[in-house]
Amino acid sequence: MTFDNYALLSRRDLLRTTILFGAAIAASLWVSFQLLQPIPPRRIVLASGPEAGLYHHYAERYKVLLAREGVTVVVRPTNGAAENLDLLLDPTSGVDIAFMQGGVAYPPPAQGIVMLSSLYYEPLWIFYRSGRTLTQLNQLPGLRITVGLPRSGNRALVLPLLAANNITPDDATLLDVGGEAAFQMLRDDKADVAMMVGGAAAATIQKALLDPELKLMNVNRASAYVRRFPFVTRLTLPAGTVDLARDIPAEEVELIATKAMLAARDGLHPALINLLLEAVRDVHDDQGYFEAAGQFPNTIQVDLPVSMDAVRHTRFGTSLLYRTFPFWIATFLDRTLILIVPLLVVLVPLINFFPQIVRWRVRSRVYRWYGELALLERDVASHQGPPPLERWLATLDRIERAAAGIRIPASFASEAYTLREHIGFVRRAVEAKGSGAGSAAPEG
């Protein structure tokens, strides 16, 4: 069909076709914007932990890695995982992501918080002064025990374990001290037991392990805690792992542990999740005392629900766009594709079907009269009694005038010519019906 033929379309046809295309484009754009994520923020706030702790150390490493991609990480020191959970749950805190620890959000499960990745094992290290042998938590009544700072993950994990052994503030002296201060109190004989939760690489843990005046509890009922607390894991520290030359520890030690996690508000931008998980992998995939190389990070659930975006990243890796281009360019291209693809899905078939739509619109001007003409023809053929010639002829005249006024391209002239032939055929049938009725009339 040539441009001249298209030009013969009536304004009404052009308007209807334009509305059809506009509605299709609007629908595709609506779908695109429903799928389209907002632009990732360039600044996020990460709640870490005490400034001397391992969480804060790792937070500073994330900050450097994300800065290379143009994302600013504001590190907010805290007392630990329990405070971090409160900050994530508080919509006014401004915190987007935080270090978390298994058991802090259990039970009940925290709403609106998801785990992005588990990072490494965090054993419960129970140190005590030499001169006695402790192997069970139910041996601690009457002792002075450091349980961690208020709102710390250390305290959140330790108190339920002590309670399971019927140890409460009425049975023992529970000291709200953690980290280096807890180590010093134990060294200065101001505490009998220091319960510390943390990674093996933490400086305070290393000092306590190497101190000849302190002993590490071998928890001989570690497997029982695994059955009682779903976020707890049983670990074994082989003899000599800490220092082969000095044979530290002197014998195999059983420990109970949880896992460190990186958590976020549910709804954190998927592009930022991908970027964070790449940083996490760079920092935490080494072998440790308990971790095999490549065992961490992972998305095996600890207690918080796992982000589906994190699961997809773990399963399929970074997309080709983000592997090929810098982060912000990849983000722009990703958003552009989300806009363009639905448009192409709608527009390409519409463009292909446009000639057919035009043909249908043009032919509909002719075919709309066939229905009325067919009814008239059927009425003429089946009518009994005196024929209503004037009504039939008036209908035919009206259809014929309408057919003569139809403007269609030359390539569709055959349809109009066929309609006029059909009108003539019905007119002859009407005239024949009138002639037959006249000849059959009785003489006066």
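Values in this document were obtained by computation on a predicted structure and should not be read as measured data.
Closest non-hydrogen pair, P123 versus L235, comes out as CG-CD1, 4.0 Å. Heavy-atom minimum distance, A164 versus F229: CB-CZ, 4.1 Å. For the pair L143 and R132, the tightest heavy-atom approach, listed with the atom from each and the gap, is CD2-NH1, 3.4 Å. For the residue pair S48 and A59, the shortest heavy atom distance occurs at CB-CB, 3.8 Å. Considering all non-hydrogen atoms of both residues, A98 and L88 come closest at CB-CD1, 3.9 Å. Nearest heavy atoms, L157 versus P160: O-CD, 3.3 Å.
The number of heavy atoms from other shown groups lying within 6.0 Å of CZ (R228) does not exceed 12. In the displayed structure, I300 atom CD1 is contacted under 6.0 Å by at most 12 heavy atoms of other residues, nucleotides or ligands. More than 12 heavy atoms of other residues, nucleotides or ligands shown are found within 6.0 angstrom of CZ on R323.
Within the 4.5 Å cutoff, no side-chain heavy atoms of T173 are placed close to those of I145. Looking at heavy atoms from C-beta onward, N166 lies out of side-chain contact with N138 at the 4.5 angstrom threshold. Counting only heavy atoms from C-beta outward, the side chains of V226 and T233 never approach each other to under 4.5 Å. Under the 4.5 Å side-chain criterion, counting only non-hydrogen atoms from C-beta, P249 is in contact with L237. For the pair V193 and L186, the minimum side-chain heavy-atom distance is 4.5 Å or more. Looking at V114 and L304, their side chains never come closer than 4.5 Å, going by heavy atoms from C-beta outward. Between L262 and V280, some side-chain heavy-atom pair lies under the 4.5 Å cut-off. The shortest side-chain heavy-atom distance between R68 and F327 does not fall under the 4.5 Å cut-off.
A donor-acceptor pair under 3.5 Å is formed between the side chain of S93 and the backbone N or O of L87. In this structure a side-chain-to-backbone donor-acceptor pair under 3.5 Å is missing from W125 to V197. The backbone N or O of G153 sits less than 3.5 Å from a side-chain atom of Q101, completing a donor-acceptor pair. For S117 (side chain) and L119 (main-chain N/O), no donor-acceptor pair under 3.5 Å exists by modelled atom type. Side-chain atoms of R265 come within 3.5 Å of backbone N or O of V95 as a donor-acceptor pair. For the pair N154 (side chain) and V147 (backbone), a donor-acceptor distance under 3.5 Å is present. Of the possible polar contacts, one joining the D303 side chain to the G103 backbone as a donor-acceptor pair under 3.5 Å is found. A donor-acceptor contact shorter than 3.5 Å links the side chain of S307 to the backbone of D309. Looking at T258, its side chain never comes within 3.5 Å of a backbone N or O of E122 through a donor-acceptor pair.
In this structure, CZ on R42 lies 12.5 Å from CG on L66, to the nearest 0.5 angstrom. Residue M261 holds its CE atom at 13.0 Å from OG1 of T299, rounded to the nearest 0.5 Å. The CD atom of Q136 sits 11.0 Å away from atom CD1 of I126, with the distance rounded to the nearest 0.5 Å. K259 contributes atom NZ, which lies 13.5 Å from atom CZ of F290 (distance to the nearest 0.5 angstrom). A distance of 8.5 Å separates CZ in R312 from CD1 in I273, rounded to the nearest 0.5 Å. Put simply, NZ on K207 and CZ on F183 are 5.0 Å apart, with the number rounded to the nearest 0.5 Å.
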Carefully, step by step, assess D192 and R129 under the rule salt bridge (Lys or Arg N to Asp or Glu O under 4.0 Å).
CA-CA 7 Å; D192 302 306; R129 296 183 63 81; over 6 Å; no
side-chain contact (heavy atoms from CB on, under 4.5 Å) evaluation trace for R76 with L46
CA-CA 6 Å; R76 181 184 296 184; L46 167 59; over 6 Å; no
When you look at L116 and L276, which way does the side-chain contact (heavy atoms from CB on, under 4.5 Å) test go after all the steps?
CA-CA 9 Å; L116 302 184; L276 281 164; 4.1 Å; yes
Determine, step by step, whether L137 and L161 satisfy the side-chain contact (heavy atoms from CB on, under 4.5 Å) criterion, reporting the C-alpha distance in whole Å, the side-chain angles of both residues, the deciding distance to 0.1 Å, and the verdict.
CA-CA 8 Å; L137 294 183; L161 300 180; 4.0 Å; yes
Test side-chain contact (heavy atoms from CB on, under 4.5 Å) applied to L216 and L255, step by step:
CA-CA 9 Å; L216 176 64; L255 303 169; 4.3 Å; yes
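There is no side-chain donor-acceptor pair under 3.5 Å between E60 and Y55. At a cut-off of 3.5 Å, with distance as the only test, no side-chain donor of R281 or T318 sits close to an acceptor on the other residue. Checked by atom type, the side-chain pair D90/T92 shows a donor-acceptor distance below 3.5 Å. The closest side-chain donor-acceptor pair between E278 and H313 falls under 3.5 angstrom. Between T78 and N84, the side chains place a donor N or O and an acceptor N or O closer than 3.5 Å (distance only, hydrogens not considered).
Applying the side chain to side chain contact (heavy atoms under 4.5 Å, CB included) rule to T133 yields the partners Y128, T135, K215; only residues at least two apart in sequence or on another chain are considered.
Ion pair D189/R144 flagged as a salt bridge, since at least one NZ, NE, NH1 or NH2 atom sits closer than 4.0 Å to an Asp/Glu carboxylate oxygen. With respect to the salt-bridge test (charged N to carboxylate O, under 4.0 angstrom), the residues D211 and R187 qualify. Salt bridge R221/E254: absent, no basic N to carboxylate O contact under 4.0 Å.
Screening T146, N79, D176 for a side-chain hydrogen bond (donor to acceptor under 3.5 Å, both in side chains) with R155, the sole residue that qualifies is D176.
Residue pairs meeting the side chain to side chain donor-acceptor pair (under 3.5 Å) criterion with at least one member in residues 241-250, sequence neighbours excluded, are D243-R246.
Taking the centre of each ring, Y289 and Y120 stay at or above the 6.0 Å mark. Aromatic pair Y121/F296: ring centres closer than 6.0 Å.
In this structure, H284 and Y58 have perpendicular ring planes: the angle between them is above 60°, well past the 30° mark.
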